[in-house]
Amino acid sequence: MESATQKWKWKHSLLYLAFIFSILYSLNSHDLLMLRHGALVRIKKNPPLPLRFRSDGTFKILQVADLHFGNGPITRCRDISTSDFRHCTDLNSTRFFHRMIQAENPDFIAFTGDNIFGSSATDAAESLFGAFRPAMESGIPWAAVLGNHDQESTMDREELMFFISLLDYSVSQINPSVEELSDVAKTGKHGSIDGFGNYNLRVFGAPGSHLVNSSVLNLFFLDSGDRETVEGIRTYGYIKQSQLHWLSHTSKGFQGQKQDIDQLADGLMSPKPPALAFFHIPIPEIRQLYYKQIIGQFQEAVACSSVNSGVLQTLVSMGDVKGVFIGHDHNNDFCGKLDGIWFCYGGGFGYHGYGKNGWPRRARVILAELGKGEKAWMGVERIKTWKRLDDDKLSKIDEQILWEWQASR
């Protein structure tokens, strides 16, 4: 009883802290404010919003999968060649991160879970700062979902997402807004959602185009959980029905908007904006790709839940998701197609996560390109991806086209 009361008090304190931060946020200033007793609090730095394609018609995403940050310079690397690394720590992950930002100059950074290695992180907040510091210092908008190891330190999953949402340049959300969940409830589904870190980010058209105020690409983030007990057996987490209901409902909401835009664009775009999805734990169907043509390496067994909750069927029925980006299995970095949708691993990014000796850490890049109309940029015409290795040249490998819009006329 006492522990439950203490937990309630802690949750109440977090809500109060959220209220204070909301007041500071509403001031829309990055200056330091003097509070009681002379304490200084810096307001969160926010990126220019909404997310938007560049004037050259591109939008580039850097996927950071399985960073597994621990305690910084005192956390040792795993599965590396001692001949290549004399003194390897979390700082090698940070260095790779900075190199990727400089080389690719992304418009957005997507973290797909296991951002920190909870069992190695003495203090979750400090490890989160270390993990996300390159993104925060870059000023690039970024968002994250949780993996199955993030909550193993000093914060639970709700506290982690709350904290992540308050960091500089983060556009992460704890969960959909109350309004979104109310809309789902009106369709006959319950108005709550499982997990923490389910949200949609809209990417708007290029400056100067007639789509400047319209979403032309959607980025769906989902919490795939950590561990579950199913019929007395422990298994990995999975995406629940409440999340799939919200996802499907959100996707349907863009159909009507896009039909009007199609008339304006003279039929040069798809019925609704294409979408990309990001989550941590792979779905069971990924195992089928062992017997199919893939691009990249399939080097370890797919570690997924024993429960198939129907994620693939939902994505296929939605019709807008063209690519899904996952992590969890560090030694897999392939892309494979299931029922018309590409599923791509990010490959292990962080040096404190397990890897494979002689196999460089790596990162995935996703590039969306707009189609060119007679006078201005149109909707998304092409989505491509490739990977870069943490070697001397940041070698670029496995470039491929994931999706191209084919006009029906």
Side-chain angles (χ1 to χ4, degrees), residues 14 16-35 39-52 54 59-65 67-73 90-91 93-116 121 123-147 150 153-155 157-175 177 196-197 199-204 219 221 278 349-350 363:
L14 278 177
Y16 178 75
L17 183 61
F19 173 72
I20 296 298
F21 268 97
S22 67
I23 294 175
L24 298 178
Y25 177 84
S26 67
L27 296 175
N28 193 27
S29 168
H30 294 165
D31 296 330
L32 293 175
L33 296 182
M34 186 71 70
L35 299 182
L40 290 175
V41 174
R42 190 186 64 172
I43 299 174
K44 171 185 173 180
K45 295 178 181 178
N46 288 291
L49 292 176
L51 300 176
R52 183 177 303 286
R54 295 185 184 188
F59 187 81
K60 185 184 287 186
I61 301 170
L62 169 62
Q63 180 192 3
V64 178
L67 186 54
H68 275 255
F69 203 88
N71 291 318
D90 276 337
L91 300 187
S93 303
T94 300
R95 177 177 177 271
F96 178 32
F97 201 165
H98 281 299
R99 294 180 73 204
M100 284 299 304
I101 291 173
Q102 184 175 10
E104 290 289 357
N105 188 25
D107 301 289
F108 181 77
I109 302 171
F111 295 86
T112 51
D114 282 358
N115 311 296
I116 63 174
D123 181 271
E126 288 295 326
S127 293
L128 289 170
F129 275 122
F132 299 129
R133 182 170 286 111
M136 293 189 287
E137 291 176 347
S138 73
I140 297 169
W142 60 274
V145 291
L146 301 177
D150 291 283
S153 181
T154 56
M155 292 184 184
R157 297 178 76 82
E158 182 178 9
E159 293 160 358
L160 285 164
M161 283 308 303
F162 178 80
F163 189 87
I164 290 170
S165 72
L166 295 176
L167 296 178
D168 286 349
Y169 302 107
S170 170
V171 291
S172 309
Q173 298 173 30
I174 303 173
N175 262 335
S177 66
F196 300 98
Y199 52 99
N200 171 52
L201 299 176
R202 303 167 65 186
V203 186
F204 285 68
L219 308 177
F221 292 82
F278 300 85
F349 190 103

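In this text the structure is predicted, and so the values were computed from the model without any measurement. For the numbers below, each heavy atom of this structure counts, side chains included, while hydrogens, waters and symmetry mates do not. Numbers for residues simply follow the sequence, beginning at 1.
Contact between P47 and V171 at its shortest, heavy atoms only, is CG-CG1, 3.9 Å. Nearest heavy-atom pair, G147 versus R157, reported as atom, atom and distance to 0.1 Å: O-NH1, 2.7 Å. A135 approaches F111 most closely through the heavy-atom pair CB-CZ, 4.1 Å. Summarising the geometry of A131 relative to N115, their closest heavy-atom pair is CB-O, 3.7 Å, with the distance given to 0.1 Å. A pairwise comparison of heavy atoms in A144 and M161 identifies O-CE, 3.7 Å as the closest pair. For the residue pair L160 and A124, the shortest heavy atom distance occurs at CD2-CB, 4.4 Å.
Between F221 and Y199, the ring planes lie parallel to each other; the angle is under 30°, not in the 30° to 60° tilted range.
N175 pairs by the side chain to side chain contact (heavy atoms under 4.5 Å, CB included) definition with I193, F196, N198, not counting sequence neighbours. Every side chain to side chain contact (heavy atoms under 4.5 Å, CB included) that A363 has, sequence neighbours left out, goes to L62, F96, M100, F349.
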Practice prompt. Show your reasoning for whether side-chain contact (heavy atoms from CB on, under 4.5 Å) applies to L201 and F108.
Written response: CA-CA 11 Å; L201 299 176; F108 181 77; 3.7 Å; yes

Worksheet item: Can you list the steps and then say if F132 with L67 is a side-chain contact (heavy atoms from CB on, under 4.5 Å)?
Response: CA-CA 10 Å; F132 299 129; L67 186 54; 5.6 Å; no

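Judged purely by atom type and a 3.5 angstrom limit, T112 has no side-chain atom pairing as donor or acceptor with the backbone of F278. For D90 (side chain) and N71 (main-chain N/O), a donor-acceptor pair under 3.5 Å exists by modelled atom type. Listed for the S165 side chain is no donor-acceptor partner under 3.5 Å among the backbone atoms of I174. Proximity of a side-chain donor or acceptor of R133 to a complementary backbone N or O of L128 within less than 3.5 Å is not detected. Checking side-chain atoms of S127 against main-chain N and O of A121 turns up no donor-acceptor pair under 3.5 Å.
Counting heavy-atom neighbours within 6.0 Å of E137 CD, excluding the residue itself, gives a total above 12.
Taking CG of N200 as the reference point, atom CG of L219 lies at 7.0 Å (rounded to 0.5 Å). For the atom pair I109 CD1 and M136 CE, the distance stands at 11.0 Å (nearest 0.5 Å). Between the CG atom of D168 and the OG atom of S138 there is a distance of 10.5 Å, given to the nearest 0.5 Å. A distance of 11.5 Å separates CZ of F204 from CZ of F59, quoted to the nearest 0.5 Å. One distance of note links CD of E158 with CG of L146; it measures 11.0 Å at 0.5 Å rounding. Atom CG of D150 is separated from atom CD1 of I164 by 6.5 Å, given to the nearest 0.5 angstrom.
Tested against D107, the residues R54, R52, K60 include a single salt bridge (charged side-chain N to carboxylate O under 4.0 Å, His left out) partner, R54.
Looking at heavy atoms from C-beta onward, W142 lies in side-chain contact with S170 at the 4.5 angstrom threshold.
Between F163 and F129, the distance from one ring center to the other falls under 6.0 angstrom.
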